[in-house]
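Working notes for the structure below.
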Amino acid sequence: MERVERDPYGSAVKLLAREASKLLEEKGVCIEERPEYLVSPPPKPEYGDLSFPAFRLAKPLGLKPLEAAETLAERVRAAAAGSIIGRVESVGGFVNVFLDAAGLARRVFAAARTLSGEFGRVPVDEPLRIVIEHTSANPVHPLHIGHARNAALGDALARLLEARGHVVQRRFYIDDMGRQVAVLAYGMMKLSESGGPAEPRGKPDHWIGLVYAITHTLVDIKSTRRRLEEAREAGDEDRVRVLQEELDDLVGAAGELRERDPELFDALADAVMADEDPEESIARIARAYEFREEWAVKLVRSAVERCIEGFRETLEGRMGIMFDKWDWESDLVWSSMVGRLLEEARRSPYFTLHKEAEALDFKHLQRDPEVRSRLGLPETLEIPPLILVRSDGTTLYTTRDIAYSLYKFRDFNADRVINVIAAEQRLPQLQIRLALLALGYRREAFNMIHYAYEMVNLPGVKMSGRRGRYVALDNLIEAAIQKAGEEIAKRNRGLGEERTREIARQVGVGAVKYALLGVNAAKPMVFNLDDTLNFERNTAPYIQYAHARASKILAKAGGNIPWDVVDYNAADKHPARRRLLVEASRFPYIAAKAADELRPELVAEYLNGLAEIFNTWYPQDPVLAERDEGARAYKLGLVYLVKTVLHNALNLLGIPAPEEM
RNA sequence: GGGCCCGUAGCCUAGCCAGGACAAGGCGCCGGCCUUCGGAGCCGGAGAUCCCGGGUUCAAAUCCCGGCGGGCCCGCCA
């Protein structure tokens, strides 16, 4: 049991790659740093299960392409004894490998059987301690679909890395020191002063979002009116026109907001309009909070806590995306961590004064060739000096983020920190790494990864948190669950109301996650709810359905598989059966690759392919009707393998796999 | 002005970093399959200047150079 091979397929890949490397090494040449990348499944089944383009080796070995392929094939044949590599052919410069299906099945079945929920985990030799910070949405409005992409990615990365044996910590950064939070707090203050409804109605973050949007819009209306007034007095026609347009737009937004809660809106409107200078009131709250004055702490924290409560309901409660730590930006400042960082900055050779403000200048640092190559800096990129402290003595977001970056390394004794943050934050993320270098934190700078993802748009929706124009993630998920429930009800097999609801939740949430994870993070995407809810191919429900079918076949067989009588020679007797075995065996290899390359979409793509192959196979090669005892046992073993892989792979993406649906 | 990302059938996506065997799937469209373990299914068909132009190579969707189109970023905002 302890000697079970976790990844037989991967071993075959490695054997092929190793023989190619050795061949080159013996000749004293070195071209490909990792020949493993050259091993791939060939385009046609008659070419075998694995192929290696041996043309590459021809020139360095001083051979003709066909000779090189034959030489390598010969070596692989010799090395293949006792492995799952069967026939090895040399065709047109390729080395094609046919796996021994019976041997492969024997090993993979044993692995799936003994490892079960752990099957697919291939631990690295030297596990790392890795922090993943993700989602970290501004706590002033509900989460939307963009945050969902962030959360789904962060969670999937964490799961993938854990499956690789790394020790992972998930953190959420609560950015409570920005102006946006001060605006929200101001709104809350005015609300309680005016005796308006000061307690959340409905989900707390939705309510907070409304208070924030109303307050922000009212404050903007007030200041726009004032500027309009000034422009009129100055007789600046063009400016008057522009401001008038802006004001009309704001008033329109205010109208929309009022419709959502007239009582709340009117209470806030009266209070804000009565304020001489809202901007100053907001700035006062921000300052008082930074200096930890009790009234401000109470005010801000209670508002932000409500919003966070809503976030947790959505992320942890609904989506199953859990966090280990919730870090408050304000704690960093109050704890003097930011202060100490500034001390260090002032002693740095890169410290400079930019006008009145304290700053770091990276001009010299970015010429360092190692810095350039490791951070991937383009030659001509001009990185602006990074202001650390305003001339009024207050800190900036990025300053605090530098302190936070160090904190993440220290608090968890981390080897690596991955920040899942929108692609538009590239420059500030780069500046943080440069700042760490400037302060002498090389290890941290080179081990902090910005995992950038592009925007998610909803068709026909222009989002604006400040104006309250957004589609909340809760509503999208709700729609997905609703639709899933209808589909389940259509099939109507007396699952019972509660069970139906639970499965609908798993299917709906899974569909949303899969849609977000299936596309490479570097691509901007349009989230089309109709497509997501289509539940056809290339969706989570399609894959979950295959899993449910597999589960059902096993259940009908009585729940246990007669492993003792499995006839492994049955593996090769049917083309679709054989193909399914090979594809299912690829899982540990794929999971390891997806983890090492931080690419959850590889798992998503793999899952879809496996489900498809399973769906092709089972109607043409029935399991339960099989008369031969050994073959039937083999097929049950295969179904078990597929079910295990589907389950575990979905789990890597944070998607549940119901037994029935 | 500079930098980064993206550009593959009507639409969406994989392949690009690590160049190789007829560019792989999905949606939509057309045609089949409910007498077989649940049809959220299966089988078949039509549909592609891989944005354009050069270059490197035995071989380019993939690498290099130059363009074009779209997105994002260049605040004492966050």
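Below, all heavy atoms of this structure are taken into account, side chains as well, without hydrogens, waters or symmetry copies. What you see is a predicted model; the values in this text were computed from it and never measured. Letters A, B, ... mirror the listed sequences (proteins, then strands); counts begin at 1.
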Using the [atom1] atom on both, measure [N] against [M] and round to a whole Å.
| N | M | atom1 | value |
| --- | --- | --- | --- |
| B:G28 | B:A40 | P | 15 Å |
| B:C16 | B:C76 | C1' | 42 Å |
| B:C33 | B:G47 | C1' | 24 Å |
| B:A14 | B:C6 | P | 11 Å |
| B:U49 | B:C68 | C1' | 15 Å |
| B:C43 | B:A61 | C1' | 30 Å |
| B:G2 | B:U62 | C1' | 28 Å |
| B:G32 | B:C51 | C1' | 38 Å |

### Query
Mind checking what makes side-chain hydrogen bond (donor to acceptor under 3.5 Å, both in side chains) contact with A:Thr500, not counting sequence neighbours?
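A:Thr500: no side-chain hydrogen bond (donor to acceptor under 3.5 Å, both in side chains) contacts found.
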
#### Entry: Residues which pass side-chain hydrogen bond (donor to acceptor under 3.5 Å, both in side chains) with A:Arg374, listed by chain and number, not counting sequence neighbours
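Partners of A:Arg374 by the side-chain hydrogen bond (donor to acceptor under 3.5 Å, both in side chains) criterion, ordered by chain and then number, come out as A:Glu370.
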
Pair partner, [N] [Watson-Crick or wobble, under 3.5 Å]:
| N | result |
| --- | --- |
| B:C77 | none |
| B:G47 | none |
| B:G41 | B:C33 |
| B:A23 | none |
| B:G69 | B:C6 |

### Message
Suppose the criterion is ring pair (Phe, Tyr, Trp, His ring centres under 6.0 Å): which pairs have a residue in residues 528-562 of chain A, not counting sequence neighbours?
### Response
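For residues 528-562 of chain A: A:His547-A:His647.
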
Rounded to the nearest angstrom, tell me the gap between atom [atom1] in [X] and atom [atom2] in [N].
| X | N | atom1 | atom2 | answer |
| --- | --- | --- | --- | --- |
| A:Asn608 | B:A24 | CG | C1' | 12 Å |
| A:Asn538 | B:G26 | CG | P | 9 Å |
| A:Leu602 | B:G25 | CG | P | 18 Å |
| A:Leu607 | B:A14 | CG | P | 16 Å |
| A:Leu517 | B:A14 | CG | P | 13 Å |
| A:Met525 | B:C5 | CE | C1' | 16 Å |
| A:Asn520 | B:C16 | CG | C1' | 11 Å |
| A:Arg56 | B:A21 | CZ | P | 11 Å |

Which part of the nucleic acid, if any, lies within contact of [X], taking any heavy atom under 4.0 Å across all strands shown: a base, the sugar-phosphate backbone alone, or nothing?
| X | result |
| --- | --- |
| A:Glu597 | base |
| A:Lys593 | base |
| A:Thr539 | nothing |
| A:Pro42 | base |
| A:Asn457 | nothing |

Check this for me: does any side-chain nitrogen of one of [X] and [Y] sit under 4.0 Å from a carboxylate oxygen of the other?
| X | Y | value |
| --- | --- | --- |
| A:Glu280 | A:Arg287 | yes |
| A:Glu279 | A:Arg179 | yes |
| A:Arg390 | A:Glu356 | no |

### Message
With hydrogens left out and only the distance checked, is there a donor-acceptor pair under 3.5 Å joining A:Glu605's side chain and the base of B:A24?
### Response
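Flag unset: no donor-acceptor pair detected.
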
#### Entry: Main-chain N/O of A:Tyr640 paired with A:Thr644 side-chain donor or acceptor, under 3.5 Å
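Confirmed, A:Thr644 side chain pairs with A:Tyr640 backbone.
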
### Message
Please compare A:Thr616 and A:Val526 by the position of their nearest nucleotide in RNA chain B and report the one closer to 5'.
### Response
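Looking at RNA chain B, the more 5' nearest nucleotide goes with A:Val526.
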
### Message
For a quick check, with a 4.0 angstrom heavy-atom cut-off, what is the B/S/- contact string for nucleotides 35-41 of chain B, read 5' to 3'?
### Response
--BBSBS

### Task
Going 5' to 3' through nucleotides 64-78 of chain B, assign each nucleotide B (protein heavy atom under 4.0 Å from a base atom), S (under 4.0 Å only from sugar-phosphate atoms) or - (no protein heavy atom that close).
--------SSS-BSB

Do any side-chain atoms of residues 66-73 of chain A form donor-acceptor pairs under 3.5 angstrom with protein atoms, and if so which ones, sequence neighbours left out?
unit_1: A:Glu67; atom_1: OE1; unit_2: A:Lys64; atom_2: N; d: 3.1
unit_1: A:Glu70; atom_1: OE2; unit_2: A:Arg77; atom_2: NH1; d: 3.4
unit_1: A:Thr71; atom_1: OG1; unit_2: A:Glu67; atom_2: O; d: 2.7

### Message
Under 6.0 Å from the ring centre and within 45 degrees of the ring axis: does the NZ or CZ of A:Arg87 meet both conditions for the six-membered ring of A:Phe98?
### Response
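The answer is yes; both the distance and angle limits are met.
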
### Query
Looking at the angle O4'-C1'-N9-C4 for a purine or O4'-C1'-N1-C2 for a pyrimidine, is B:C34 syn or anti, with syn meaning within 90° of 0?
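Base orientation: syn.
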
### Message
Between A:Phe52 and A:Phe94 (judged by ring centroids, cut-off 6.0 Å), do the two rings come close enough to count as a pair?
### Response
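Between A:Phe94 and A:Phe52, which both carry aromatic rings, the centre distance is not below 6.0 Å.
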
### Task
Could you tell me the separation between the CG atom of A:Leu650 and the CD atom of A:Gln506, rounded to the nearest 0.5 Å?
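Separation between the atoms: 10.5 Å.
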
### Query
Between B:C6, B:C22, B:C42, which one does the side chain of A:Glu612 approach most closely?
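Closest of the options to the side chain of A:Glu612: B:C42.
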
### Query
Under 3.5 Å, is there a donor-acceptor pair linking the side chains of A:Arg586 and A:Tyr606?
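No, A:Tyr606 and A:Arg586 have no side-chain donor paired with an acceptor closer than 3.5 Å.
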
### Query
Think A:Lys523 has a side-chain N or O under 4.0 angstrom from the OP1 or OP2 of B:G7?
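Yes, within the criterion.
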
